[in-house]
**Student:** 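One structure, pasted below without further comment.
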Amino acid sequence: MTLPEPDPQSDPQSEPQPEPALQPVTHAADSSGAWWRSAVIYQVYPRSWADADGDGIGDLPGITARLDHLVELGVDALWLSPFYASPMHDAGYDVADYRAVDALFGTLADADALVARAHQLGLRVIIDLVPNHTSSDHPWFQEALAAPAGSPQRARYLFREGSGPEGSEPPNDWRSVFGGRAWSRVPDPRTGDPGQWYLHLFDVTQPDLDWTNPQVHAEFEAVLRFWLDRGVDGFRVDVAHGLVKEPGLPDWSAEQELLSSGEDDDDGDDDGDDGDHGRRRAPMWDQDGVHDIYRAWRRVLNTYNPPDAPDHDPALDRILCAEAWVDPLPRAARYVRPDEMHQAFNFEYLQAPWTAAGQRAVIAASYAACDAVGAPTTWVLSNHDVIRHATRLALDSARRTGRGPQGLGATDPVPDAALGLRRARAATAIMLALPGSAYLYQGEELGLPEHTSLPDELRQDPTWVRTDHGAYGRDGCRVPMPWAGDAPAYGFNAAGASWLPQPAAYGALAVDRQQGVPGSTYELYRTLLRIRRDRRLGTGELRFVAGYTKEVLAFEVRAPGRPGVLVLANLGTAPIPLPADARVLVGSAAPTADGAPDGSTLPVDGTVWLAAD
Ligand code: GLC
């Protein structure tokens, strides 16, 4: 293949190499055969995917009936956000019974049927585990409220005496991630007078558990077994970096966000000195003690498919995936050491700058950190907590951070939808070429944008109220899926009801409007996933390619014994010519009139996969 002449005029700083050339291996191929190291996992947000009973809120039978969509798309597994019994103050991330399905979503039999059908279709099922806090409706918390200070019932949560005169001030200055204080005061059950305070890092209805209490450990290990026995393939672990708090609960006056930043002394031990170089680690996040919890859970999972047994089958591995908003990457990689979790969302990637240098740096740093512990990287661009990437990538960089509940409202500048979609498609085409695992969020395969003009009175995210309407929160990425452009509620159900209204733009993006349409986002995702599977890119080795201008991200991925792909992403300001004899496998940019990808130039904000056979 002849490669294009780099244009020295466009980039005097970066001294392009005379010839494009493969760089040393940045990430080696994986031959373990473990499904989760390269799986593409699709996040279903049960409230908003498919609604069988027509009440306007999605449900498990609705999901089961639509699983074929995931087979046609070509993913390997699905992750379900919580469907457990809950008063739904945080959309089910406030669990009242970890072993029951909320009536809104169906029954335990419906959950069993969903898992069985998914398995029939060759899809694995990951469910959500919420161990940092329960709902305030959970029997444990109700017992704690009825029991006196110092009782064993209260010792499952973080109850403390207040400070100041008569304990009228909270025990410390921690803030809730959703806004406001992280402490609430409860009456003394004997006198009815104001009594102790309890900690809630999120909503007042989400009391934090005390993970120094062995009962809490025993309960969650039993919950793991309950669902593993029902056949689930793994767990996404909510707020995995938050379970253990620094002893003494010291004050933390810094702005509260979900993210823990620190530095790593890289000595690999748990002596507590990691992160002490000038910056203190937030006392509620990423404490070293969390790792013992995950080691214990890994042992539980391993009993279902013992790794050292002669008949160990990697296809039967059950997995844990951490939601840990932790940086830098080596700190996050501690969650996926060999005896801990299998995956941890790569949120640094989700927040990476939209520049070739920024993308390259985060990709290289991700492999360096994860390869050092023998774990796969787990790429992700969207989920139910962040602005959808088809909108986020059109925002200026300062507003792109995904670090906590945020959102957009009607008074914000309207993001450029075409720019956002173009970049989102290019970003996904980068991500799905990368070796490792990747998570997709429902609707991104349609290019759905964030709903940015929800009426304020319909907002449901507790953030909206807890910040006194200072942050819109996450409702805009949680709007129900459009399945059929001409149907009521765009086919979300037959009744036309929808717990959040769908924007008019969703009609043209509905599944049935994109199926079989060359160049549609849905068909782009299908093609990317098919090529990724055929060429086993998820288990391939990755090398960067030098010789392009610094505005082009260029890398080659190749699995042993398979043809590879050369990925070029143009994150600059001018189109670039493609190599004269390039064979385009798939391109993110809109196709030419005959439906074929343009084989001669790569437009700005475009990614192309070229055959590297
Ligand atoms: C996680 C969830 C988020 C939830 C929070 C509290 O960040 O992804 O949706 O609000 O935890 O459980």
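One is the number of the first residue; the rest follow in order along the sequence.
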**Student:** To the nearest 0.5 angstrom, please state how far the CG atom of Asn305 sits from the CG atom of Asp313.
**Tutor:**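 So the gap between those two atoms works out to 6.5 Å.
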**Student:** Is it the case that the side chains of Glu323 and Trp325 hold a donor-acceptor pair, with the cut-off being a distance below 3.5 Å and no angle test?
**Tutor:**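 Judged by distance alone, the side chains do pair up.
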**Student:** Would you please name every residue forming a side chain to side chain contact (heavy atoms under 4.5 Å, CB included) with Arg459, sequence neighbours left out?
**Tutor:**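 Applying side chain to side chain contact (heavy atoms under 4.5 Å, CB included) to Arg459 gives Leu454, Asp456, Trp464, Tyr472, Asp475.
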**Student:** Going by ring-ring contact (aromatic ring centres under 6.0 Å, His included), name the residues that satisfy it together with His217, two or more places apart in sequence or in a different chain.
**Tutor:**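 His217 satisfies ring-ring contact (aromatic ring centres under 6.0 Å, His included) with Trp211 only.
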**Student:** What side-chain donor-acceptor pairs closer than 3.5 Å can you find for residues 65-74, not counting sequence neighbours?
**Tutor:**
unit_1, atom_1, unit_2, atom_2, d
Arg66, NH2, Gly491, O, 3.3
His69, NE2, Glu445, OE2, 2.8

**Student:** As an exercise, state the distance from CZ of Arg295 to CE of Met341, rounded to the nearest 0.5 Å.
**Tutor:**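 With rounding to 0.5 Å, CZ (Arg295) is 11.5 Å from CE (Met341).
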**Student:** Identify which one of Asn383, Val326, Val386 satisfies the side chain to side chain contact (heavy atoms under 4.5 Å, CB included) criterion when paired with Phe347.
**Tutor:**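 Testing each of Asn383, Val326, Val386 against Phe347, the sole residue satisfying side chain to side chain contact (heavy atoms under 4.5 Å, CB included) is Asn383.
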**Student:** Within the side chain of Asp461, is there an N or O that forms a donor-acceptor pair under 3.5 Å with the backbone of Arg474?
**Tutor:**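 Answer holds: yes.
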**Student:** Looking at Arg298 and Asp339, is any side-chain nitrogen of the basic one under 4.0 Å from a carboxylate oxygen of the acidic one?
**Tutor:**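 The answer is no: the pair does not qualify as a salt bridge.
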**Student:** Do Tyr93 and His384 have a side chain donor and acceptor closer than 3.5 Å?
**Tutor:**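 Result is yes, a qualifying pair exists.
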**Student:** Distance check, rounded to the nearest 0.5 Å: Ser498 atom OG versus Asp51 atom CG?
**Tutor:**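 Nearest 0.5 Å value for the OG-CG distance: 8.5 Å.
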**Student:** Any chance you could lay out the side-chain hydrogen bond (donor to acceptor under 3.5 Å, both in side chains) test for Arg156 and Gln215, step after step, and finish with the verdict?
**Tutor:** CA-CA 7 Å; Arg156 294 162 175 152; Gln215 276 185 43; 2.8 Å; yes
**Student:** What about the rings of Tyr506 and Tyr490, do their centers lie closer together than 6.0 Å?
**Tutor:**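 Distance test on ring centres: not under 6.0 Å, no.
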**Student:** Taking Asp286 for its side chain and His241 for its backbone only, find out whether a donor-acceptor pair lies under 3.5 Å.
**Tutor:**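 Such a contact is absent between Asp286 side chain and His241 backbone.
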**Student:** Inspect the contact between Asp233 and Arg318 and indicate whether a charged nitrogen and a carboxylate oxygen are less than 4.0 angstrom apart.
**Tutor:**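 Salt bridge absent between Arg318 and Asp233.
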**Student:** Sequence neighbours excluded, which residues qualify as side chain to side chain contact (heavy atoms under 4.5 Å, CB included) partners of Ala100?
**Tutor:**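 Ala100: side chain to side chain contact (heavy atoms under 4.5 Å, CB included) contacts with Ala85, Asp97.
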**Student:** Salt-bridged, Asp238 to Arg236, with N to O below 4.0 Å?
**Tutor:**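 Judged by the 4.0 Å cut-off on N to carboxylate O distance, Asp238 and Arg236 do form a salt bridge.
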**Student:** Which pairs count as salt bridge (Lys or Arg N to Asp or Glu O under 4.0 Å) when at least one residue sits in residues 477-492, sequence neighbours excluded?
**Tutor:**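 Those involving residues 477-492 are Asp385-Arg478, Asp486-Arg513.
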**Student:** Can a salt bridge be assigned to the pair Lys245 and Asp208 using a cut-off of 4.0 Å between side-chain N and carboxylate O?
**Tutor:**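 A salt bridge links Lys245 with Asp208.
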**Student:** Judged by modelled atom types alone, do His451 and Gln502 share a side-chain donor-acceptor pair under 3.5 Å?
**Tutor:**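 There is no such pair between these side chains.
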**Student:** Looking only at the aromatic ring of each residue, does the gap between the centers of Tyr42 and Tyr439 stay below 6.0 angstrom?
**Tutor:**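 No, the ring of Tyr439 stays outside the 6.0 Å limit from the ring of Tyr42, centre to centre.
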**Student:** Within the distance-only criterion (no hydrogens, no angle test), does the side chain of Asp203 pair as donor or acceptor with the backbone N or O of Pro462 below 3.5 angstrom?
**Tutor:**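 Such a contact is absent between Asp203 side chain and Pro462 backbone.
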**Student:** Treating Glu541 as the side-chain partner and Pro560 as the backbone partner, does any N or O pair qualify as donor plus acceptor under 3.5 Å?
**Tutor:**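 Side chain of Glu541 to backbone of Pro560, a donor-acceptor pair under 3.5 Å: no, none is there.
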**Student:** Under 3.5 Å, is there a donor-acceptor pair between the side chain of Ser382 and the main chain of His389?
**Tutor:**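 Yes, the answer is positive, given that a donor and an acceptor are paired below the 3.5 Å cut-off.
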**Student:** Counting N and O atoms only, with roles assigned by atom type, does the side chain of Gln406 sit under 3.5 Å from a partner on the main chain of Gly473, one being a donor and the other an acceptor?
**Tutor:**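 No; zero donor-acceptor contacts below 3.5 Å.
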**Student:** For the residue pair Asp512 / Trp483, report whether a side-chain donor-acceptor contact shorter than 3.5 Å exists.
**Tutor:**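 Checked: Trp483/Asp512 side chains show no N/O donor-acceptor pair below 3.5 Å.
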**Student:** Out of curiosity, Gln514 CD to Leu509 CG, how far, rounded to the nearest 0.5 Å?
**Tutor:**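 Gln514 atom CD to Leu509 atom CG measures 5.5 Å (nearest 0.5 Å).
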**Student:** Sub-3.5 Å donor-acceptor pair from the side chain of Ser135 to the main-chain atoms of Ala96, do we have one?
**Tutor:**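 Not a single qualifying donor-acceptor pair exists.
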**Student:** Taking the basic N atoms (NZ, or NE/NH1/NH2) and the acidic carboxylate oxygens, is any pair closer than 4.0 Å for Glu450 and Arg388?
**Tutor:**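 Between Arg388 and Glu450 there is no salt bridge, as every charged N stays at least 4.0 Å from the carboxylate O atoms.
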**Student:** Could you tell me whether Glu444 and Arg425 have a side-chain N and a carboxylate O separated by less than 4.0 Å?
**Tutor:**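 Between Arg425 and Glu444 there is no salt bridge, as every charged N stays at least 4.0 Å from the carboxylate O atoms.
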**Student:** Asp371 side chain to Gly374 main-chain N or O, any donor-acceptor pair under 3.5 Å?
**Tutor:**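 Here the side-chain-to-backbone pair does not exist.
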**Student:** Under 30°, 30 to 60°, or over 60°: which ring-plane class applies to Tyr367 and Trp379, parallel, tilted or perpendicular?
**Tutor:**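 Geometry flag for Trp379 against Tyr367: perpendicular rings.
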**Student:** Taking the six-membered ring for Trp, are the ring centroids of His342 and Tyr294 within less than 6.0 Å of each other?
**Tutor:**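 Not close enough - the centres of the two rings lie 6.0 Å or further apart.
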**Student:** Are Trp227 and Phe83 near enough that their ring centres are under 6.0 Å apart?
**Tutor:**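 Between Trp227 and Phe83, the centre distance is under 6.0 Å.
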**Student:** Begin from the C-alpha positions of Tyr98 and Thr134 and carry the test side-chain hydrogen bond (donor to acceptor under 3.5 Å, both in side chains) through to its verdict.
**Tutor:** CA-CA 9 Å; Tyr98 291 85; Thr134 68; 5.4 Å; no
**Student:** Name each donor-acceptor pair under 3.5 Å that joins a side chain in residues 105-114 to protein atoms two or more places apart or in another chain, with its distance.
**Tutor:**
unit_1, atom_1, unit_2, atom_2, d
Thr107, OG1, Ala109, N, 3.3
Thr107, OG1, Asp110, N, 3.0
Thr107, OG1, Asp110, OD2, 3.2
Asp110, OD2, Thr107, N, 2.9
Asp112, OD1, Arg230, NE, 2.9
Asp112, OD2, Arg230, NH2, 2.9

**Student:** Could you tell me whether Tyr441 and Trp79 have their ring centroids closer than 6.0 angstrom?
**Tutor:**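 No - the distance between ring centres of Tyr441 and Trp79 does not fall below the 6.0 Å cut-off.
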**Student:** Less than 4.5 Å apart, any side-chain heavy atom of Arg536 and any of Arg562?
**Tutor:**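 Sidechains of Arg562 and Arg536: in contact.
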**Student:** Please determine if Arg331 and Asp288 form a salt bridge, counting it only when a charged side-chain N lies under 4.0 Å from a carboxylate O.
**Tutor:**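 Answer for the salt bridge query: yes.
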**Student:** What's the spacing between His138 NE2 and His133 NE2 if we round to 0.5 Å?
**Tutor:**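 Spacing of NE2 (His138) from NE2 (His133) equals 12.0 Å.
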**Student:** Could you state the interatomic distance from OG (Ser588) to CG (Leu432), rounded to the nearest 0.5 Å?
**Tutor:**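 Answer rounded to 0.5 Å: 11.5 Å.
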**Student:** What I want to find out is whether Arg532 reaches Asp76 closely enough, with some N-O distance under 4.0 Å, to be called a salt bridge.
**Tutor:**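 Between Asp76 and Arg532 there is no salt bridge, as every charged N stays at least 4.0 Å from the carboxylate O atoms.
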